[in-house]
Amino acid sequence: MKTFTYERARTPAEAAAAAAQDPTARFIAGGTNLLDLMKLEIETPRRLIDVNGLQLDRIEPTQDGGLRIGALVRNTDLAADKRVRKDYAVLSRALLAGASGQLRNKATTAGNLLQRTRCPYFYDTNMPCNKRKPGAGCSAIGGFTRPHAVLGASEACIATHPSDMAVAMRVLDAKVETVHPDGATRSIPIAEFHRLPGNTPHVETALSPGELITAVTLPKPFGGRHAYHKVRDRASYAFALVSVATVIQKDGSGRVALGGVAHKPWRVEAAESAMPRGARAVAEGLLAGAKTTDHNAFKLTLAERTLGAAITQARS
């Protein structure tokens, strides 16, 4: 691990201003992803800014009947919150499907959203990777691609986003609140927060330099039955090969988002109009334009079957 400075911020704006002074600076809270990457020298920040003291660890109601989740709310606390379990059950279920109990106790809401989109080649510093070094090439293309993206990928990167929580946030139409180094704030729809790789796979979110997440807001509950299904290679502590977050209303309409298939949580609102006709009809719209390899073509069938299971569970 390379040397770095460490400081504790007193306010969100102060933290953002400090980060803007050094392009290598990183915020640290739980550190469950960042510290691993620092040990491998994939991330080499010269400056760490501890944001744990910023009092962003509360879950509060909003004026429009939704919830405002502080950036530092731990995954365990968010999953266990009675309001989340009652009105946003898909979010609680997605959180409990992720990582391990120990990691959920440390991981934060903002940190979960900011996990690096990655694959085994990203972790292997002996292999070229456009996410580690822009322009180096993508070792996954032409390599072993079983866990890789089948949607939204590019010639520069075919990695998948690892978060379960983000998939549920996408189906719930969450918004990400931030503060800039000059103290200005903004709200980013979750649909626009994560970026597809294009020619710049190292740029993973819509955040500008120094911009700090302060909260995630959920809209007023829209009812329905919630389900989250995750298919993985082992029963725990593994990223999804395919995951499905869905909310089904009494009239058969609903929402659905996929994980494990793209560089970001994948949702196609136009495909949801087919929900009353069943999983196959929805999958046709969700998976349109998919590009597979010999290793990961199974994900298309798996996604349709997992979607069918989630819809069946929600309806029953």
Side-chain angles (χ1 to χ4, degrees), residues 1-9 15 18-54 71-76 95 97-140 143-144 146-149 156-166 194 197 200-205 207 209-213 232-234 236-240 260 263-264:
M1 186 181 291
K2 296 184 179 295
T3 58
F4 56 88
T5 63
Y6 170 85
E7 60 195 84
R8 291 174 177 166
Q21 295 173 13
D22 184 345
T24 75
R26 296 289 184 269
F27 301 118
I28 186 167
T32 56
N33 185 206
L34 178 60
L35 292 179
D36 282 346
L37 297 179
M38 289 175 65
K39 291 174 183 177
L40 294 170
E41 296 189 4
I42 294 171
E43 290 273 5
T44 55
R46 293 189 294 264
R47 188 175 189 177
L48 284 187
I49 303 164
D50 191 330
V51 295
N52 281 297
L54 299 185
L72 296 174
V73 172
R74 307 293 162 166
N75 287 178
T76 295
L95 284 162
S100 64
Q102 294 92 332
L103 287 175
R104 291 195 296 269
N105 289 341
K106 293 292 292 183
T108 62
T109 299
N112 194 308
L113 290 177
L114 291 173
Q115 293 181 79
R116 295 296 305 271
T117 301
R118 55 199 189 266
C119 78
Y121 294 101
F122 171 76
Y123 278 113
D124 186 348
T125 55
N126 294 312
M127 303 295 290
C129 174
N130 287 318
K131 297 181 74 64
R132 281 189 279 105
K133 185 179 179 181
C138 177
S139 297
F144 178 72
R146 184 172 181 272
H148 289 76
C157 182
I158 59 172
T160 57
H161 195 277
S163 173
D164 292 290
M165 184 194 80
H194 296 103
T200 56
H202 60 290
V203 182
E204 298 176 357
T205 72
L207 296 177
E211 193 171 5
L212 173 71
I213 297 175
R232 46 192 162 180
D233 281 327
R234 58 179 184 269
S236 66
Y237 198 60
F239 296 143
H263 208 260
K264 60 185 288 186

Give the minimum heavy-atom separation between [X] and [Y], together with the two atoms involved.
X      : Y      : result
Asn112 : His161 : O-CE1, 4.4 Å
Phe144 : His148 : O-CE1, 3.3 Å
Thr108 : Ala29  : CG2-CB, 3.8 Å
Leu54  : Leu72  : N-CD1, 4.4 Å
Cys157 : Lys131 : SG-CD, 3.7 Å
Leu212 : Ala15  : CD2-CB, 4.1 Å

Is any side-chain heavy atom of [X] less than 4.5 Å from a side-chain heavy atom of [Y]?
X      : Y      : result
Tyr121 : Cys129 : no
Ile42  : Thr125 : yes
Thr205 : Leu113 : no

Main chain of [Y], side chain of [X]: is a donor-acceptor contact present, judged purely on distance under 3.5 Å?
X      : Y      : result
Asn130 : Ala136 : yes
Thr160 : Ala149 : no
Asn75  : Leu103 : no
Thr109 : Val73  : yes

Could you tell me the separation between the [atom1] atom of [X] and the [atom2] atom of [Y], rounded to the nearest 0.5 Å?
X      : Y      : atom1 : atom2 : value
His194 : His263 : NE2   : NE2   : 10.0 Å
Leu48  : Thr5   : CG    : OG1   : 7.0 Å
Met127 : Cys138 : CE    : SG    : 9.5 Å
Ile28  : Asn33  : CD1   : CG    : 11.0 Å
Leu114 : Glu204 : CG    : CD    : 9.0 Å
His202 : Arg116 : NE2   : CZ    : 9.5 Å

Open item on the list: For a side chain to side chain contact (heavy atoms under 4.5 Å, CB included) check, start with the C-alpha distance between Leu37 and Phe122, then their side-chain angles and the critical distance, and finish with the verdict.
Closed with: CA-CA 10 Å; Leu37 297 179; Phe122 171 76; 3.8 Å; yes
TODO: Taking only Lys NZ, Arg NE, NH1 and NH2, and the carboxylate oxygens of Asp or Glu, determine whether Asp164 and Arg232 approach each other closer than 4.0 Å.
DONE: no
Open item on the list: Between the side chains of Asp22 and Arg46, is the shortest nitrogen-to-carboxylate-oxygen separation below 4.0 Å, so that they form an ion pair?
Closed with: yes
- [ ] Could you check Asp36 against Arg118 for salt bridge (charged side-chain N to carboxylate O under 4.0 Å, His left out), going step by step and ending with a plain yes or no?
- [x] CA-CA 13 Å; Asp36 282 346; Arg118 55 199 189 266; over 6 Å; no
TODO: Could you check Met38, Arg47, Arg26 and say which one makes a side chain to side chain contact (heavy atoms under 4.5 Å, CB included) with Phe4?
DONE: Met38
